[in-house]
Number of protein chains: 2
Amino acid sequence: MELSDKKTAEMFKAVCDENRIKILKLLQGGEKCACILLDDLHITQPTLSHHMKILCDSEIVVGRKEGKWMYYSISPEGADRAISVFRALTDVHGQGDCCCKE
Amino acid sequence: MELSDKKTAEMFKAVCDENRIKILKLLQGGEKCACILLDDLHITQPTLSHHMKILCDSEIVVGRKEGKWMYYSISPEGADRAISVFRALTDVHGQGDCCCKE
DNA sequence: ATATTATATTCACGATTTTCTATTTGTCAA
DNA sequence: TTGACAAATAGAAAATCGTGAATATAATAT
């Protein structure tokens, strides 16, 4: 589970934007077509496409093409991976320095 | 554990930047003085101050003033809160639509 | 083949973020 | 009180990000 700092930052960009958070909330109801997401968000189609790319790059969301349509859903594995990475980044395994200069 | 989308985005901004990720990794060794963090990062003092503000705003890091010095450490409670928020955002509790239009 | 529909890409622009220099504030020691 | 040091703030430059209009690509239907 070793990720570069750059990749880690990329992963959490998924949850750094209000619209992407809204998209995740919509996807919690299960897999949804892009066109349905579009109806529920006040953004244009290219903007949605842009956000879906960031979400898919983070691997927290996965896309599936079916004919003309793109279906998106939350990947429980991707979400678990993100949590693992977050834990690995915030677990404290030391006691620090007792003072600034000794 | 209900957070506005804006607040949620703010919280995860903490882990959306390479320098802040480096800072968290340093703090995993325990509480550290700002001046020590500064030695390990190739940024200026005001830039560090800026990043520490964002980290503290997310409540994943807490600061403590002692005389002239600021000591920072990871807040296990803050980190747990972030994980809870992330889970609440990515748990799937529906099965989606079977198709785009019915 | 042509038209239509769904999504992705390109480009440009404005807003936000990161970063720095300069300055200010706060704390301690002579 | 003055000087030295740590950290925060102000202001500005540069980079990144979010957005939409225009266009391209892909799939389906006629």
Could you pull out all donor-acceptor pairs under 3.5 Å where a side-chain atom in residues 10-24 of chain A meets a protein atom, sequence neighbours excluded?
residue	atom	partner	partner atom	Å
Asp17(A)	OD2	Asn19(A)	N	2.9
Asp17(A)	OD2	Arg20(A)	N	3.2
Arg20(A)	NE	Lys13(A)	O	3.1
Arg20(A)	NH1	His51(A)	ND1	3.1
Arg20(A)	NH2	Lys13(A)	O	2.9
Lys22(A)	NZ	Asp5(B)	OD2	3.1

From CD1 of Ile36(A) across to C1' of dT5(C) the rounded distance in Å is 15 Å
Under 4.5 Å between side-chain heavy atoms, hopping through other hydrophobics if needed: is there a path connecting Ile54(A) to Ile74(A)? no
Solution key, residues 36-50 of chain B side-chain donor-acceptor pairs under 3.5 Å, sequence neighbours excluded:
residue	atom	partner	partner atom	Å
Thr44(B)	OG1	Thr47(B)	OG1	3.1

Any non-hydrogen side-chain atom of Met70(B) less than 4.5 Å from a side-chain atom of Met52(B)? no
Residues Leu89(A) and Gln28(B): closest non-hydrogen pair is C-NE2, 3.2 Å
The contact string for nucleotides 24-30 of chain D, one letter per nucleotide 5' to 3', using protein heavy atoms under 4.0 Å with B, S and - for base, sugar-phosphate only and none, comes out as --SBS--
Near DNA chain C, which residues from residues 55-63 of chain B have a heavy atom under 4.0 Å away? none
By a strict heavy-atom criterion of less than 4.0 Å, which residues belonging to residues 10-23 of chain A are in contact with DNA chain D? Lys13(A), Asp17(A), Asn19(A), Arg20(A)
Nearest whole angstrom, please: distance from the P of dT16(D) to the CD1 of Ile54(A). 14 Å
Quick check on dT19(D): is either OP1 or OP2 less than 4.0 Å from any side-chain nitrogen or oxygen of His51(A)? yes
Under 4.0 Å, heavy atoms only, any strand: does Leu37(B) hit a base, just the sugar-phosphate, or nothing? nothing
Do you know which two heavy atoms are closest between Cys35(A) and Trp69(A), and how far apart they sit? SG-CD1, 4.4 Å
When rounded to whole Å, the NZ to P distance for the pair Lys32(B) and dA7(D) reads 14 Å
Heavy atoms only: give me the nearest Tyr72(B)-Cys56(B) pair and the separation to one decimal. CE2-SG, 3.8 Å
Check whether any side-chain nitrogen or oxygen of Thr44(A) sits under 4.0 Å from OP1 or OP2 of dT19(D), and answer yes or no. no
Determine, step by step, whether Glu77(A) and Glu59(A) satisfy the side-chain contact (heavy atoms from CB on, under 4.5 Å) criterion, reporting the C-alpha distance in whole Å, the side-chain angles of both residues, the deciding distance to 0.1 Å, and the verdict. CA-CA 9 Å; Glu77(A) 298 74 26; Glu59(A) 292 180 84; over 6 Å; no
Quickly work out the Ile43(A) CD1 to dG20(D) C1' distance and round it to whole Å. 11 Å
Tightest non-hydrogen contact, residues Leu3(A) and Thr8(A), listed as CB-OG1, 3.6 Å
Whole Å only: how far is the CG atom of Leu41(B) from the C1' atom of dT18(C)? 14 Å
Taking N or O atoms only and anything under 3.5 Å, show me the protein contacts with nucleotides 8-10 of chain C, one pair per line.
residue	atom	partner	partner atom	Å
dA8(C)	OP1	Tyr72(A)	OH	3.0
dA8(C)	OP2	Ser49(A)	OG	3.1
dA8(C)	OP2	Tyr72(A)	OH	3.4
dA8(C)	N7	Gln45(A)	OE1	3.4
dA8(C)	N7	Gln45(A)	NE2	2.6
dA8(C)	N6	Gln45(A)	OE1	3.0

Under a single-linkage definition using a 4.5 Å side-chain heavy-atom cutoff for Ile, Leu, Val, Met, Phe, Trp and Tyr, are Val62(B) and Ile60(B) assigned to the same hydrophobic cluster? no
